[in-house]
Amino acid sequence: MKLGPCATPSSSTLNISACNNYLLNGEIFDSTGTYVQTIANSTGCESVITLHLTINKKTTEKLISICDGENYYAGGGQQTTSGVYYDTLQTTLGCDSVLITRLTVNPKPIPSLGEDRNLCNGTQAIISPGTFDQYLWQDMSVSNSYVVGFPGLYWVKVTNGFNCSSTDSINILSLLPLPDQFLKKTDSICNYQTLDLAPNKNFSQYLWSTGATIKQITVNLPGIYRLSVTDANGCTGRDSIVIYPKNCMLGVYIPTAFTPNRDGHNDVFKATVFGKLLSFKLQVFSREGKLIFQTTDPAKGWDGTFGGLSHSTAAFVWQCSYQLENQEPTYKKGSVVIVK
């Protein structure tokens, strides 16, 4: 029991500098600041202690970003992957200083200008590496694409949103010739004939002025026919042919003799037709009037046999009826001789 005021109350002040914490009368202090303790002594009087404490331990954080393929020193070594790294250093007062590095490794852009290639002569190509934030070409231009028209090495440096950069290049090797002079300059056609048109070389693609996309077309009218082709290198060329009309024989002509000896020459008796047939019939008779052979196909003829037997030298009678386009029906007759 305190019976009266203390005659000699006491107080003191402490100025302390520590690394991590400070223990005062059983109480731990771990932050910089001013603290006051009041303690009763043996006579029941209070003793006041004022503590001015400075904690010298330091913790520092750094946010670091690098690009894939780069490295950064943290956590005691060169780091190449994202993560949190700790380094403990000593201050001049001998206290620990902790450095926390939060490292982020960002991806690099991947530009692609494609494989080295050739160009078709007289053409241009647009090259582009893809979609990125910034571009820098070999001529210091900064567009997202580039037009090339000559052989040479072309490169681009691209930068993405993380400010990471990469480069790519393409080599234009040479200029390839365009397909040309693959059609005849001129040709002619009878008004009753057809004419096959085709280039003198093989190509990958064809486009005629008629709309056809095959190598060979058949025409029946004079005029100018144009062909666009694309070769195996992807080069496109154009050529044209002029088809003139010509005066041609018109009619059906039948020989007066043939030699069916199987030598490959004049072995068959048949009509030669000049014109477009609407109808046709050829018949061969013996001298006695017996029908030996007949056909409605002018391409087919008589080989000089009947009933499986070959005829010797003899004369036969024929008759032919036909009609050509834009002509009146015609009838002819005559004789033919087998020559052995």
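Starting from 1, each residue takes its place in the sequence as its number.
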Revision key, fill the gap. Heavy-atom closest pair (T218 atom, T194 atom, distance to 0.1 Å) is CG2-CB, 3.6 Å

Review point. What are the two closest heavy atoms between Y85 and Q79, and how far apart are they?
Key: CE2-OE1, 3.2 Å

Check your understanding: Checking D239 side chain against L183 main chain: does a donor-acceptor pair fall under 3.5 Å?
Key -> yes

Point to revise | Flag side-chain contact, heavy atom, 4.5 Å: Y72 against K62 | key: yes

Practice item. Flag the pair F293 / W318 as yes when their ring centroid distance falls below 6.0 Å, and as no otherwise. Key: no

Exercise for review: Identify the heavy atoms of S128 and L113 that sit nearest to each other, and give their distance.
Suggested key: C-CD2, 3.8 Å

Practice item. State whether Y253 and K332 meet the cation-pi test: NZ (Lys) or CZ (Arg) under 6.0 Å from the six-membered ring centroid, and within 45° of the perpendicular axis. Key: yes

Exercise for review: Just do the side chain to side chain donor-acceptor pair (under 3.5 Å) check on D139 and Y146 with the steps written out, would you?
Suggested key: CA-CA 10 Å; D139 63 352; Y146 195 86; 3.0 Å; yes

Exercise for review: For Q294, enumerate each residue passing the side chain to side chain donor-acceptor pair (under 3.5 Å) test, keeping only those at least two apart in sequence or located in another chain.
Suggested key: Q283

Point to revise | Between OG on residue S112 and CG on residue D168, distance to nearest 0.5 Å | key: 5.5 Å

Exercise for review: Check whether any side-chain heavy atom of F280 lies under 4.5 Å from a side-chain heavy atom of D297, and answer yes or no.
Suggested key: no

Check your understanding: Is there a donor-acceptor contact under 3.5 Å from the side chain of D267 to the main chain of D263?
Key -> yes

Revision key, fill the gap. The single option from W302, F306, F269 that satisfies ring pair (Phe, Tyr, Trp, His ring centres under 6.0 Å) with F316 is W302

Practice item. Check whether the side chains of Q37 and E27 place a donor and an acceptor atom closer than 3.5 Å, and report yes or no. Key: yes

Check your understanding: Counting only N and O atoms by type, is there a donor-acceptor contact under 3.5 Å from the side chain of N160 to the main-chain atoms of F132?
Key -> no

Exercise for review: Could you grab the distance from atom CG of L227 to atom CD1 of I217, nearest 0.5 Å is fine?
Suggested key: 8.0 Å

Review point. Can you find a side-chain donor-acceptor pair between Y192 and E325 that sits under 3.5 Å?
Key: no

Review point. Backbone N or O of R226 within a donor-acceptor pair of the S240 side chain at under 3.5 Å?
Key: no

Exercise for review: With the side chain counted from C-beta on, respond yes when Y206 and P199 share a heavy-atom pair under 4.5 Å apart, and no when they do not.
Suggested key: yes

Practice item. Give a yes or no answer on whether the side chain of S82 reaches the backbone of V105 with a donor-acceptor pair at less than 3.5 Å. Key: yes

Point to revise | F203/F182 aromatic ring centres below 6.0 Å | key: yes

Point to revise | Sequence-distant partners of E61, side chain to side chain donor-acceptor pair (under 3.5 Å), two or more places apart | key: R102

Review point. Does the side chain of P129 come within less than 4.5 Å of V156's, by heavy atoms?
Key: yes

Check your understanding: Does the D231 side chain pair with the main chain of T236, one donor and one acceptor, at a distance under 3.5 Å?
Key -> no

Review point. Are side-chain N/O atoms of T13 and T50 paired as donor and acceptor at under 3.5 Å?
Key: no

